2 protein chains.
Amino acid sequence: MGSSKEYIEKLRKSGLRPTKQRINICEALFDAEKTFHFTITDLVKIIETKANQKISLATVYNTIHAFQKKGYLKEIAINSSQAYFDTNTTDHHHFFDEKSKELIDLKDEDVHPIKIKKNIPGKKIKSVEVLVRLDSEN
Amino acid sequence: MGSSKEYIEKLRKSGLRPTKQRINICEALFDAEKTFHFTITDLVKIIETKANQKISLATVYNTIHAFQKKGYLKEIAINSSQAYFDTNTTDHHHFFDEKSKELIDLKDEDVHPIKIKKNIPGKKIKSVEVLVRLDSEN
DNA sequence: ACTACAGTTTAGAATCGTTATAAATTATAA
DNA sequence: TTATAATTTATAACGATTCTAAACTGTAGT
Ligand SMILES: [Mn+2]
Ligand SMILES: [Mn+2]
Ligand SMILES: [Zn+2]
Ligand SMILES: [Zn+2]
């Protein structure tokens with residue numbers, strides 16, 4: 001979708017210099033027609049395949065963290081062994097398939113609205129996330 | 001609460017030999033009047049203080065995993081940097097205080113019942129967990 | 001365009017939580 | 001009491017992530 005020009009602008013507006021690595025990462029993340037979930041190693045593979053160019057792991061970590069801070073990505077907590085990221089930054093919930101290790105978005109209409117009736121003095125709610133773990137039937 | 005005898009019995013019934021290490025772990029976990037949340041390093045400190053006895057990290061990991069498999073503990077997914085465990089094995093939801101890194105149980109009446117309207121063929125729901133992240137106000 | 005400089009990338013080291021290994025110790029069935 | 005399998009332990013290995021510091025690059029100012 002996005003042209004390289006768009007990403008250059010997006011990066012500049014975010015106070016990030018538009019390097020070829022960052023543009024490659026943008027293309028891997030934001031060219032897709034649909035939003036998707038990924039781990040860092042997933043993403044390295046996507047970039048190196050799509051851009052046919054090596055990229056340092058450190059650069060991918062740096063850029064993903066920068067994008068997360070800017071709100072271009074969300075992190076989804078699944079387990080303590082790996083970080084999962086999401087290019088869908090809207091509030092939404094997830095299925096997690098324990099067998100395939102795959103995350104699936106739930107649409108708003110798939111989950112009753114969640115109402116939290118308790119509040120902690122001095123604290124405010126930052127996010128409410130539902131994780132539905134799936135098992136193979138039988 | 002529990003006497004050493006009870007734990008010995010519990011362990012035996014679970015097919016686990018009642019070693020002094022496992023009994024110490026049981027006391028640390030199940031003597032408390034209330035259920036609680038902990039990380040492995042938390043637990044090592046609790047055991048070594050309470051039992052005034054050194055215990056190997058490997059033994060703690062082994063035993064926690066054995067207890068988890070038996071259903072005596074639950075693991076709560078908060079982030080990818082550390083595993084959190086819960087001595088409350090009932091279905092329930094959590095607040096997570098991002099500042100203090102503390103987990104707080106939500107009671108059933110604090111959260112509207114959650115109804116998932118989507119289903120994935122061949123898969124069944126194993127668990128539905130809500131995590132409410134808290135920030136300091138202002 | 002040239003320069004200077006801060007920002008960025010990089011390979012590799014370090015760190016941290018966790019898991020594996022293999023030898024010593026211990027619980028228990030016979 | 002003895003034999004055996006289970007358990008504990010110190011320590012090594014591991015994998016994900018972060019750090020480091022040197023090389024490289026984008027850009028503001030000339
Ligand atoms: Mn785990
Ligand atoms: Mn993180
Ligand atoms: Zn998602
Ligand atoms: Zn809990």
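These numbers come from a predicted model, not from an experiment. Naming convention: chains lettered A, B, ... in sequence-line order (proteins, then strands); numbering from 1 in each chain.
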Salt-bridge contact Glu98(A)-Lys123(B) (side-chain N to carboxylate O under 4.0 Å): no
Asp86(B)-His94(B) side chain donor-acceptor pair, cut-off 3.5 Å: yes
Does His65(B) make a side-chain N or O approach to OP1 or OP2 of dT18(C) shorter than 4.0 Å? no
Quick one: is dT9(D) close enough that its OP1 or OP2 comes under 4.0 Å of any side-chain N or O from Thr59(B)? yes
Lys NZ or Arg CZ of Lys10(B) over Phe30(B) ring: under 6.0 Å, within 45°: yes
Distance, rounded to the nearest Å, where Gln68(B) contributes CD and dT19(C) contributes P: 9 Å
Under 4.0 Å from OP1 or OP2 of dT10(C): is there any side-chain N or O of Gln21(A) that close? yes
Residues in contact with DNA chain D, drawn from residues 38-46 of chain B - heavy-atom cutoff 4.0 Å: none
OP1 or OP2 of dA6(D) under 4.0 Å from side-chain N/O of Arg22(B): no
Honestly, is Lys101(A) close enough over Tyr84(A), meaning NZ or CZ under 6.0 Å from the six-membered ring centre and within 45° of the axis? no
Taking only the side-chain nitrogens and oxygens of Tyr61(B), find out if one of them lies under 4.0 Å from OP1 or OP2 of dT18(C). yes
Lys115(A) atom NZ, over 12 foreign heavy atoms within 6.0 Å: no
Figure out the CD1/C1' separation between Ile64(A) and dT18(D), and round it to whole Å. 15 Å
Give a yes/no verdict on a cation-pi contact between Lys126(B) and Phe96(A), requiring under 6.0 Å between NZ or CZ and the six-membered ring centre and an angle within 45° of the axis. no
Closest to the Lys54(A) side chain: dG17(C), dA11(C), dT10(C)? dA11(C)
Tell me if a side-chain donor or acceptor on Arg133(B) pairs with a main-chain N or O of Glu129(A) at a distance below 3.5 Å. no
From the set dT9(D), dT10(C), dT17(D), return the single nucleotide nearest to any side-chain atom of Ser80(B). dT17(D)
For Gln53(B) and Glu48(B), test the side chains for any donor-to-acceptor distance below 3.5 angstrom and give the result as yes or no. no
Could you tell me whether Lys69(A) atom NZ has more than 12 heavy atoms of other residues or ligands within 6.0 Å of it? no
What string of B, S and - do you get for nucleotides 21-30 of chain C 5' to 3' if you count protein non-hydrogen atoms under 4.0 Å? ------BS--
